[in-house]
K.L.:
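This structure is in structure tokens; I'll ask about it shortly.
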Amino acid sequence: MNKIIKIALIAIGLIAAILWFSLPSGDDPDAINSGAMNFMFIIMYLLLAIAVVTSIVFGLKKLLTTQGSIKKTLFAVGGLAVVVAISYGLSSGDEAQMVADSFAGNPNIETSAGTVKNVGMGLNVFFILTAVAVVLMVFPGLKKLFVK
């Protein structure tokens with residue numbers, strides 16, 4: 001099986017190299033519509049689909065075969081849901097309405113208070129998870145430094 005995968009990867013690499021050298025120049029205004037470019041996109045989508053399916057299959061296999069992993073996964077998903085709920089509560093509706101009103105005159109930007117509130121929630125989730133990651137990286141190092 002390993003040998004077949006290596007041969008397939010070498011073949012895909014050779015095809016991609018041939019397509020790379022057959023690409024039109026950047027000065028060509030119709031370069032995006034070339035057959036080589038389209039085939040390279042097809043290869044990219046194919047490899048992306050293979051990577052996604054493989055990661056999902058092996059992830060689920062590991063999840064279902066390792067004892068206690070489902071419990072840990074549910075705790076992690078529950079923790080993420082709590083962080084998202086807290087972040088949504090922290091994103092202010094009044095400020096969101098003011099931001100949405102400030103963009104009301106611009107026809108190129110369609111926004112509503114709900115959209116602005118969701119963006120604020122996403123930023124809050126990012127900040128909270130970043131702070132948790134920093135604490136989880138720094139705390140064990142400090143603990144080792146002072147506990148010795």
Side-chain angles (χ1 to χ4, degrees), residues 1-26 28 30-100 103 108-148:
M1 183 68 174
N2 221 0
K3 199 176 241 186
I4 295 171
I5 292 174
K6 285 183 182 180
I7 291 171
L9 288 176
I10 290 171
I12 290 172
L14 287 174
I15 292 170
I18 291 168
L19 290 172
W20 177 264
F21 288 113
S22 65
L23 285 174
S25 69
D28 186 8
D30 200 35
I32 193 71
N33 294 326
S34 72
M37 182 75 76
N38 289 335
F39 198 64
M40 287 182 86
F41 277 118
I42 290 170
I43 290 173
M44 185 232 7
Y45 287 132
L46 178 69
L47 291 175
L48 180 64
I50 290 170
V52 167
V53 168
T54 304
S55 63
I56 289 173
V57 166
F58 283 112
L60 287 175
K61 180 183 173 192
K62 178 85 172 182
L63 179 71
L64 296 175
T65 58
T66 306
Q67 194 167 7
S69 63
I70 293 178
K71 183 179 177 182
K72 289 180 185 178
T73 302
L74 290 175
F75 277 128
V77 170
L80 183 62
V82 168
V83 168
V84 168
I86 290 171
S87 298
Y88 190 77
L90 289 175
S91 60
S92 173
D94 298 335
E95 292 175 6
Q97 186 61 47
M98 289 187 330
V99 171
F103 286 111
N108 296 328
I109 302 174
E110 294 181 25
T111 184
S112 65
T115 304
V116 175
K117 188 166 175 143
N118 286 340
V119 170
M121 176 199 64
L123 289 171
N124 288 338
V125 167
F126 173 76
F127 295 141
I128 291 171
L129 292 179
T130 301
V132 168
V134 168
V135 167
L136 289 176
M137 286 187 293
V138 171
F139 184 72
L142 290 176
K143 188 177 178 182
K144 280 184 182 178
L145 188 68
F146 291 117
V147 171
K148 282 186 176 183

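Heavy-atom basis, side chains included; hydrogens, waters and symmetry copies ignored. Everything numeric here is computed off the predicted structure, so don't read it as measured data.
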K.L.:
Measure the shortest side-chain to side-chain distance between V83 and N124 over non-hydrogen atoms and say whether it is less than 4.5 angstrom.
P.N.:
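V83 vs N124: side chains apart.
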K.L.:
With rounding to the nearest 0.5 Å, note down the distance linking CG in L90 to NZ in K117.
P.N.:
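Answer for the CG-NZ pair, L90 versus K117, is 9.5 Å.
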K.L.:
Evaluate the criterion side chain to side chain contact (heavy atoms under 4.5 Å, CB included) for residue pair I86 and V125; output intermediate values, then yes/no.
P.N.:
CA-CA 8 Å; I86 290 171; V125 167; over 6 Å; no
K.L.:
So, S91 side chain and Y88 main chain: donor-acceptor pair closer than 3.5 Å or not?
P.N.:
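Flag set: sc S91 to bb Y88 pair under 3.5 Å.
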K.L.:
I need the L47 CG to L9 CG distance, nearest 0.5 Å.
P.N.:
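L47 atom CG to L9 atom CG measures 8.0 Å (nearest 0.5 Å).
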K.L.:
Say you draw a straight line from CD1 of I7 to CG of N2; how long is it, rounded to the nearest 0.5 Å?
P.N.:
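Taking CD1 in I7 and CG in N2, the distance rounds to 10.5 Å.
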K.L.:
First locate atom CG of L46, then atom CZ of F39, and finally report the distance between them rounded to the nearest 0.5 Å.
P.N.:
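It is 9.0 Å, given to the nearest 0.5 Å.
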K.L.:
Working to the nearest 0.5 angstrom, can you tell me the gap between I15 CD1 and I10 CD1?
P.N.:
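Spacing of CD1 (I15) from CD1 (I10) equals 12.0 Å.
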K.L.:
Going from CD1 on I50 to CD1 on I5, what distance comes out if it is rounded to the nearest 0.5 angstrom?
P.N.:
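The CD1 atom of I50 sits 9.5 Å away from the CD1 atom of I5.
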K.L.:
Checking T66 side chain against L63 main chain: does a donor-acceptor pair fall under 3.5 Å?
P.N.:
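Not at all, since once roles are kept as given, no pair shorter than 3.5 Å links the two residues.
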